[in-house]
Amino acid sequence: MTPLPNSRINRRDVLKSGAIAGGTLIAGCFDTTTNDDASPDEREFPEPQYGDPDREYHLRATESEVMVATDDPYNGWTYNGEYPGPEIRAVEGERVRVTVENDLPEETTIHWHGMVLDGDNAMDGVPGVTQAAIEPGEEFVYEFDAEPAGTHWYHSHVGLQLDRELLGPLIIEERDPHIEYDTDETLILDEYLPTEPRVDTSSGNGGGMGGMGGMGGGGFPDAPPAEGTLINGRLPEEPATIDVEEGDQIRLRLINAAAAATYEIGIDDHELTVTHTDGPAVEPVPVDTLEIGPGERYDVVVEARSPGTWPIRIWPVDESTSAGRALLDYDQSDGDGTEGTIGSRQLQLSDLNAIDSLDAYSGEPDRTIDLTLSGGMMGGDGDEWTIDGQAYPDTDPISIKEDEHVRFRMVNRSPVRHPMHLHGHHFAVGNALKDTVIVPGHMGEITIDFVAENPGAWFFHCHHLYHMETGMAREVPYEQ
Ligand code: C2O
Ligand code: CU
């Protein structure tokens, strides 16, 4: 059949939908701007299963004003008019129902980032893969088991909607935490992008695509330049404040909800004890700073032993824009900012040791899949990001079988980081259990192992939204 150079339509689906009449394709039928399946009605989606929920929430996706500093509103898209979106909180093992109403001018879905959705592939929120997107004026009822415990989040999985602020925290409390703490606070890190998100193909912004090192240069798709860094939806001039009492152990739940930026975080004169990553618990490890990529989460415990009002600093590691700031404000302090220092111990992946057993991931895998992450010059159009030279949705699926131990070996042949995320599973990487992991640039290599114990069609992609949108994604279906 004729190749479709500029179309985002998947070959297999064209065949399945019978959209080809006499070998000709009627081009106008296809949406070329989103990753939606061309003909969602033709594809069979998993059947949603409903039970008896313990908690119910209602989210209305709507156009609304976003206020990140006084007198500086802009038009974004939010859930229930709030940015970040309302917190969804449940206890491990509970059943959660969320009714999502689409009051946007476009179709939408929600993905529950961090939930494994055991047996609930239909609730995963990937348009064209696990459901037909929710049309304007319609609603969809999501329901899932709150598993695993930890710091998670939810966001739109359609196009660039995440970068219009359609996101919020999803906190699943452990029944039996391995650490002690007095208070629990969530910090959501994000770019300040008051304009409509668009793929930027002019070279040289944020991602640092300047030198492709022999692969040719130029405009690889990237995010538009951010205008600042937000913590809990606030610019540094009017920071979010965390009130603490001397002696408290404060659990900070860090969520990087940015579309593109990897951040480093540190708190002046305070140590961060890392206790969880992407939900699962790790043996506590004290550091001064850590890096967090788009989609990743870390929980840290901070001991309040140094009265004052201290900056919590978040800076983009590529220094593409200014840093974000929140405040750690002690009870007795006068509220004036104090400046201190941040030490140099930075968290490394090798510092993380999961509390849960990794036995299931040891030994030789049943299936090993090598995946090369790269930009378009490796074989595409130059305006794509690819996995093994293919840009989604014009891709072959990565098929696996139930009960296999699967290994993905990723090599990054580009100069920028790719935070890779697998839906429906947590994977072992080093001695940690995660669902999103940064594959460093310049031939960085990361190997993940997981057990195929959750049949369905799952998405695997870069969580840099603009890399995903321009191709860095695959479907991972279970073979029947
Ligand atoms: Cu947080 Cu497929 O996404
Ligand atoms: Cu990427």
Side-chain angles (χ1 to χ4, degrees), residues 34-36 84-85 108-117 121 123-131 133 150-163 166-170 188-190 199-200 206-209 220-223 255-262 278-279 292-297 318 371-376 378 380 384-388 391-393 410-426 434-442 444 446 456-476:
T34 73
N35 279 344
D36 291 347
T108 195
T109 63
I110 295 186
H111 171 60
W112 315 95
H113 187 133
M115 297 293 89
V116 294
L117 305 179
N121 189 220
M123 303 302 180
D124 200 35
V126 183
V129 177
T130 64
Q131 67 172 102
T151 301
H152 307 294
W153 61 305
Y154 61 89
H155 58 80
S156 163
H157 217 296
V158 171
L160 300 175
Q161 290 179 3
L162 165 67
D163 219 5
L166 286 169
L167 60 98
L170 171 59
I188 299 188
L189 321 182
D190 199 358
V199 176
D200 186 345
M209 289 303 299
F220 279 80
D222 202 347
I255 301 170
N256 185 348
T262 294
D278 296 354
I292 182 169
E296 286 191 297
R297 290 87 68 212
D318 62 6
L371 299 168
T372 301
L373 313 178
S374 65
M378 295 306 294
E384 297 172 334
W385 285 100
T386 58
I387 297 175
D388 278 350
Y392 191 81
M410 296 176 275
V411 179
N412 182 355
R413 294 181 61 91
S414 80
V416 299
R417 294 173 187 78
H418 298 293
M420 301 303 295
H421 171 46
L422 176 64
H423 289 209
H425 305 76
H426 273 71
K434 287 176 65 58
D435 62 32
T436 307
V437 64
I438 296 176
V439 185
H442 302 286
I446 289 284
W458 302 102
F459 219 42
F460 170 68
H461 63 90
C462 179
H463 220 288
H464 184 305
L465 188 64
Y466 298 81
H467 294 181
M468 173 172 85
E469 183 63 9
T470 55
M472 193 171 269
R474 289 290 179 106
E475 285 175 38
V476 181

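All residue numbers in this chain count up from 1 along the given sequence. When a ligand or atom number is given, it counts from 1 through the structure's own listing order.
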Atom name of the N, O or S atom in His467 that lies nearest to the Cu ion (ligand 2): ND1
Quick one: report the N, O or S atom of His157 that is nearest to atom 2 (Cu) of ligand 1. NE2
Does any N, O or S atom of His111, backbone or side chain, fall under 2.8 Å from atom 1 (Cu) of ligand 1? no
Between atom 1 (Cu) of ligand 1 and His463, is there an N, O or S atom separated by less than 2.8 Å? yes
Quickly, which of Phe459, Phe460, Trp385 forms a ring pair (Phe, Tyr, Trp, His ring centres under 6.0 Å) with Tyr392? Name it, please. Phe459
Which N/O/S atom belongs to His418 and is the closest one to the Cu ion (ligand 2)? ND1
Does any donor atom in the side chain of Ser374 or Ser414 lie under 3.5 Å from an acceptor atom in the other side chain? no
Would you check if there is a donor-acceptor pair between the side chains of His442 and Asn412 at a distance under 3.5 Å? no
If we count only N and O atoms by modelled type, under 3.5 Å, do the side chains of His423 and Asn121 hold a donor and an acceptor together? no
Which atom of His113 approaches atom 1 (Cu) of ligand 1 most closely (N/O/S): ND1
Among side-chain atoms of Gln131 and Thr109, is any donor-acceptor pair under 3.5 angstrom? no
Backbone or side chain, does His464 get an N/O/S atom under 2.8 Å to the Cu ion (ligand 2)? no
Side-chain donor-acceptor contact under 3.5 Å, His461 with His467: no
Please name the atom of His423, restricted to N, O or S, that is closest to atom 2 (Cu) of ligand 1. NE2
